[in-house]
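First listed ligand is number 1; within each ligand, the first listed atom is number 1. Not measured: the values here are computed from a predicted model.
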Amino acid sequence: NHATAELRSRVIGRCLEFQANMMFNVSCEEKTRNCTDVWEKFSSGFAFKDPCNVKNDTFREYIMATNHYVPKDKAMFWGGVYNLAHRYSNRGQSKVTLEDTMPGYVADGLSFCGDNSTSDGIARENITCPSTFLSANCSSTVSSVFWTSASINFAKSVTGEIFVMLNASRNPIYRNNSYFRMYEVPNLTKGTVTKATVYIVGESPISKGNLCGSESILELKANLAEKDIAFECQENPRDVMNILCGDNPRADVCSSIWKTSRSS
Ligand code: NFD
């Protein structure tokens, strides 16, 4: 987790790119944000600060500066399926993940933290920034606080029907300490989010054992029911499998498609 090189240029570049090519798909907002200002608000969340101990609200100004409307019936949460979820969301055209919204897009995949020994207080690429994973002596890392704030803000912004893509090969599938369970489900708005459709996806077809009825998924169903959110669950739905198998035709679950294409 070396700090990302050229962080300022990367963040400003992402901000410009989002507004040029993503904002229209994701949100109809016309208001342009000043990307230098976005950088100032992002970096002041961690510049000159201890990488292991930042306040929970340190990215408040950044979130306010980048926040925008999330279209109804399109939001998608995910766990353990980063690549597939984002291939499926298709940069906000099919679904909208946190990383397809401006607060997430600007920082996704970047590694950043403070460093008292540089002129701007920002760690250079020779420094290792702590990951989202916490340890006893590193209890609230810049990354965990960033993704926690962004996840909470996203969950509060979504309306109508929502989608969730979860990895079938994880056990449990709805993990206790996942961001999705800890920060997103509890922040969905009762009465505003009406239905959740869960896609459980895996590369192996043995999941015929009905993962939608598994104990872990019933816990998710119960957590959603507390907020009067209707529940639907599908294992390996066809539109998701078309993408998975297009990219990865030799996966076990794609064998029928693979055989057809070989014999024809
Ligand atoms: P994941 P998830 N402690 O695939 N999001 O539900 C620490 F410190 O398992 C997006 O946790 O799914 N780190 C991003 C963790 C990051 C822990 C976080 C944990 N207990 C959250 N669990 C992003 N774009 O980077 C997981 N991580 C780390 C939002 C894990 O190493 C998205 O809206 C991996 O780098 C999505 O709905 C990342 O968190 C949901 O939360 C994702 O772990 C995905 O988090």
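Using cut-offs of 30° and 60° for the angle between ring planes, the F77 and F180 rings count as tilted. In this pair, F146 and Y62 present their aromatic rings tilted. The plane angle is within the 30 to 60° band. Using cut-offs of 30° and 60° for the angle between ring planes, the Y179 and Y183 rings count as tilted. In this structure, F163 and Y199 have tilted ring planes: the angle between them lies in the 30° to 60° band. Using cut-offs of 30° and 60° for the angle between ring planes, the F59 and F46 rings count as tilted.
For atom 18 (C) of ligand 1, the nearest protein heavy atom lies under 4.0 Å away. Distance check for atom 44 (C) of ligand 1: a protein heavy atom is found below 4.0 Å.
Regarding atom 39 (O) of ligand 1, its nearest protein heavy-atom neighbour is Y179 CE1, 3.6 Å. In this structure, the protein non-hydrogen atom closest to atom 38 (C) of ligand 1 is W78 CH2, 4.7 Å. Protein heavy atom in closest approach to atom 20 (N) of ligand 1: N177 O, 2.7 Å. Considering only non-hydrogen protein atoms, atom 4 (O) of ligand 1 sits nearest to G80 N, 2.7 Å. Among protein heavy atoms, the minimum distance from atom 31 (O) of ligand 1 is reached at F133 CE1, 2.9 Å. Looking from atom 33 (O) of ligand 1 to the surrounding protein, the closest heavy atom is E184 OE2, 2.6 Å. Of all protein heavy atoms, the one closest to atom 35 (O) of ligand 1 is T132 OG1, 4.5 Å.
The existence of a salt bridge linking R91 and E17 is confirmed by a sub-4.0 Å separation between a basic side-chain nitrogen and an acidic carboxylate oxygen.
Between V81 and ligand 1, not a single N/O pair is under 3.5 Å apart. An N or O contact shorter than 3.5 Å is missing between R181 and ligand 1 by distance.
Under 4.0 Å from ligand 1, not a single heavy atom of H86 appears. Looking at R175 against ligand 1, only its side chain comes within 4.0 Å, counting heavy atoms. Within the 4.0 Å heavy-atom criterion, neither part of T97 lies near ligand 1. The side chain of W147, and not its backbone, has at least one atom closer than 4.0 Å to an atom of ligand 1 (non-hydrogen atoms only; side chain from C-beta on).
Between the side chain of S216 and the backbone N or O of Y174, at least one donor-acceptor pair lies under 3.5 Å. Formation of a donor-acceptor pair under 3.5 Å by the S144 side chain with backbone atoms of S140 is not found in this model. No donor-acceptor pair closer than 3.5 Å links the side chain of K95 to the backbone N or O of H86. Judged by distance alone, the side chain of T118 and the main-chain N or O of I122 form a donor-acceptor pair under 3.5 Å.
Per-residue contacts place E99 under 4.0 angstrom from the following atoms of ligand 1 (heavy atoms of the residue considered): 10 (C), 14 (C), 23 (C), 24 (N), 32 (C). Counting atoms of ligand 1 from 1 in the listed order, those under 4.0 Å from a heavy atom of F77 are 37 (O). Near R170, meaning under 4.0 Å from any of its heavy atoms, are these atoms of ligand 1: 1 (P), 4 (O), 9 (O). Counting the atoms of ligand 1 from 1 in the order shown, those under 4.0 Å from a heavy atom of F180 are 2 (P), 6 (O). Heavy-atom proximity to G79, at under 4.0 Å, picks out these atoms of ligand 1: 4 (O), 12 (O). In summary, the atoms of ligand 1 found under 4.0 Å from a heavy atom of S151, numbered by their order in the structure, are 5 (N), 21 (C), 29 (C), 41 (O).
Distances shorter than 4.0 angstrom do not occur between any heavy atom of M76 and any atom of ligand 1. For S144, the heavy-atom gap to ligand 1 stays at 4.0 angstrom or more.
Taking the six-membered ring for Trp, F112 and F42 have ring centres closer than 6.0 Å.
Atom NZ of K74 is surrounded by more than 12 heavy atoms from other residues, nucleotides or ligands within 6.0 Å. Annotation: R175, atom CZ; neighbour count of heavy atoms from other residues, nucleotides and ligands within 6.0 Å is above 12.
Rounding to the nearest 0.5 Å gives a distance of 7.5 Å between SG of C233 and CG of N210.
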